[in-house]
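For reference, the structure discussed in these notes is given below.
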Amino acid sequence: MKDMNSDISILLAEDDPNLGTFLQSYLCSKGYQTKLCHNGEEAFEVFLSGKYNFCITDIMMPIKDGFTLAKDIRKKDPHIPILFLTAKTLEADRLKGFQMGGDDYITKPFSMDELLLRIQAISRRSHSSSPSSNPTVFDLGQQAQFDYIKQTLSNQTSLINLTSKESELLLLLCLNENEVVERSEALVKVWHNDNYFNARSMDVYITKLRKALRNISPAEILNVHGVGFKLVANKE
């Protein structure tokens with residue numbers, strides 16, 4: 001039987017040679033095709049020359065740091081999942097990681113079991129599809145559309161690519177258009193955990209979605225104080 005992990009090709013950027021080699025060997029032993037790079041610049045060059053569908057990157061690296069690497073990769077592939085590895089624990093650094101397009105964040109030291117669970121969870125989110133009973137294309141007014149499968153917001157003149165988590169969050173709001181989506185519900189359905197840090201992360205994604213919508217559609221994401229969010233699409 002084919003190992004499902006073999007479908008995931010990982011670009012690993014880690015400047016610590018001992019940790020990098022260990023992680024590469026471990027991930028390969030679990031069936032993941034893994035290419036190790038020792039700085040952000042090398043990783044970006046390898047990314048451009050190969051075909052990878054998952055990225056794991058340290059943040060503090062020489063030549064090009066992990067945040068810059070993620071930003072550059074996102075310009076080329078807005079959908080590839082990105083997992084940050086870092087010794088930093090400050091909340092501001094974590095939020096910056098999500099602002100740069102990261103899907104998740106793991107702080108050193110971490111267990112290999114935790115790393116595998118993070119990879120599996122991100123992969124499930126990235127490759128999940130909406131149930132067939134639900135629509136996947138949504139009218140957001142003035143010929144603007146959100147396509148959940150393609151992960152795009154578009155109108156007649158512009159197109160914005162969304163990350164997998166942005167798409168999951170916008171899908172939830174679209175499926176409940178003009179109704180309040182409670183914060184706890186969004187956190188459980190999109191982040192699978194309603195802890196404080198995920199709540200701050202969700203606020204970052206709401207801000208990014210609002211900015212994207214302003215460029216494409218008259219639709220708005222409204223705050224419902226103390227409760228959650230509501231998507232209102234003016235379709236006149």
Side-chain angles (χ1 to χ4, degrees), residues 4 7-9 47-48 51-55 70-83 97-104 119-183 185-192 198 201-224 228-236:
M4 294 302 292
D7 293 332
I8 299 178
S9 182
F47 171 77
L48 293 176
K51 191 168 186 180
Y52 299 92
N53 51 23
F54 202 103
C55 179
K71 185 176 180 180
D72 290 345
I73 285 176
R74 275 279 175 256
K75 290 177 182 177
K76 298 294 182 180
D77 185 344
H79 307 311
I80 183 173
I82 298 176
L83 171 63
F98 288 114
Q99 289 169 340
M100 292 296 103
D103 290 273
D104 209 343
I119 293 171
Q120 291 164 4
I122 295 169
S123 296
R124 282 197 300 271
R125 289 201 301 263
S126 299
H127 295 94
S128 64
S129 60
S130 178
S132 58
S133 59
N134 288 330
T136 59
V137 178
F138 299 87
D139 174 16
L140 296 179
Q142 296 181 6
Q143 297 184 301
Q145 286 189 333
F146 164 52
D147 190 317
Y148 170 70
I149 300 300
K150 295 180 180 178
Q151 296 184 192
T152 58
L153 272 172
S154 62
N155 58 23
Q156 286 185 306
T157 59
S158 302
L159 182 144
I160 295 176
N161 290 300
L162 303 175
T163 67
S164 58
K165 193 167 288 188
E166 288 168 346
S167 295
E168 291 290 336
L169 183 54
L170 186 54
L171 173 67
L172 180 61
L173 292 168
C174 286
L175 289 173
N176 295 276
E177 184 182 336
N178 296 317
E179 297 178 4
V180 177
V181 175
E182 294 186 6
R183 290 180 64 88
E185 178 187 359
L187 286 166
V188 169
K189 288 186 176 180
V190 180
W191 275 263
H192 308 291
N198 286 340
S201 170
M202 181 171 67
D203 290 337
V204 171
Y205 278 89
I206 288 290
T207 298
K208 293 171 71 175
L209 284 174
R210 282 178 172 145
K211 181 179 179 181
L213 285 168
R214 281 197 297 270
N215 292 325
I216 294 293
S217 163
E220 295 182 276
I221 299 174
L222 305 179
N223 279 334
V224 180
F229 306 99
K230 180 195 294 187
L231 177 72
V232 177
N234 181 0
K235 298 177 182 178
E236 293 182 0

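Atom set for the values below is all heavy atoms of this structure, side chains included, hydrogens, waters and symmetry mates excluded.
The shortest distance between side-chain heavy atoms of F47 and D72 does not fall below 4.5 Å. Residues P78 and T152 are not in side-chain contact: their nearest non-hydrogen atoms beyond the backbone lie 4.5 Å or more apart. Side-chain atoms of R183 and D203, non-hydrogen and from C-beta on, do get closer than 4.5 Å to each other.
With sequence neighbours left out, the salt bridge (Lys or Arg N to Asp or Glu O under 4.0 Å) criterion links K150 to no other residue. In this view, N223 and R210 satisfy the side-chain hydrogen bond (donor to acceptor under 3.5 Å, both in side chains) rule, not counting sequence neighbours. With sequence neighbours excluded, the residues satisfying side-chain contact (heavy atoms from CB on, under 4.5 Å) with S158 are N155, I216. The side-chain hydrogen bond (donor to acceptor under 3.5 Å, both in side chains) search around E220 returns none, not counting sequence neighbours. For S217, the side-chain hydrogen bond (donor to acceptor under 3.5 Å, both in side chains) test picks out no residue, with sequence neighbours left out. The side-chain contact (heavy atoms from CB on, under 4.5 Å) check on K51 picks up nothing, with sequence neighbours excluded. For K208, the side-chain hydrogen bond (donor to acceptor under 3.5 Å, both in side chains) criterion is met by E166, not counting sequence neighbours. Applying the side-chain contact (heavy atoms from CB on, under 4.5 Å) test to N176 and every residue at least two apart in sequence or in another chain returns L172, E179, V181. For the salt bridge (Lys or Arg N to Asp or Glu O under 4.0 Å) test, no residue two or more places apart in sequence or in another chain qualifies with D77.
Under 3.5 Å, the side chains of D103 and S164 contain a donor-acceptor pair of N or O atoms.
Note that CG of L153 and CG of L162 are 4.5 Å apart. Values are rounded to the nearest 0.5 Å.
The aromatic rings of W191 and Y205 stand perpendicular to each other, their planes meeting at an angle above 60°, with 30° marking the opposite boundary.
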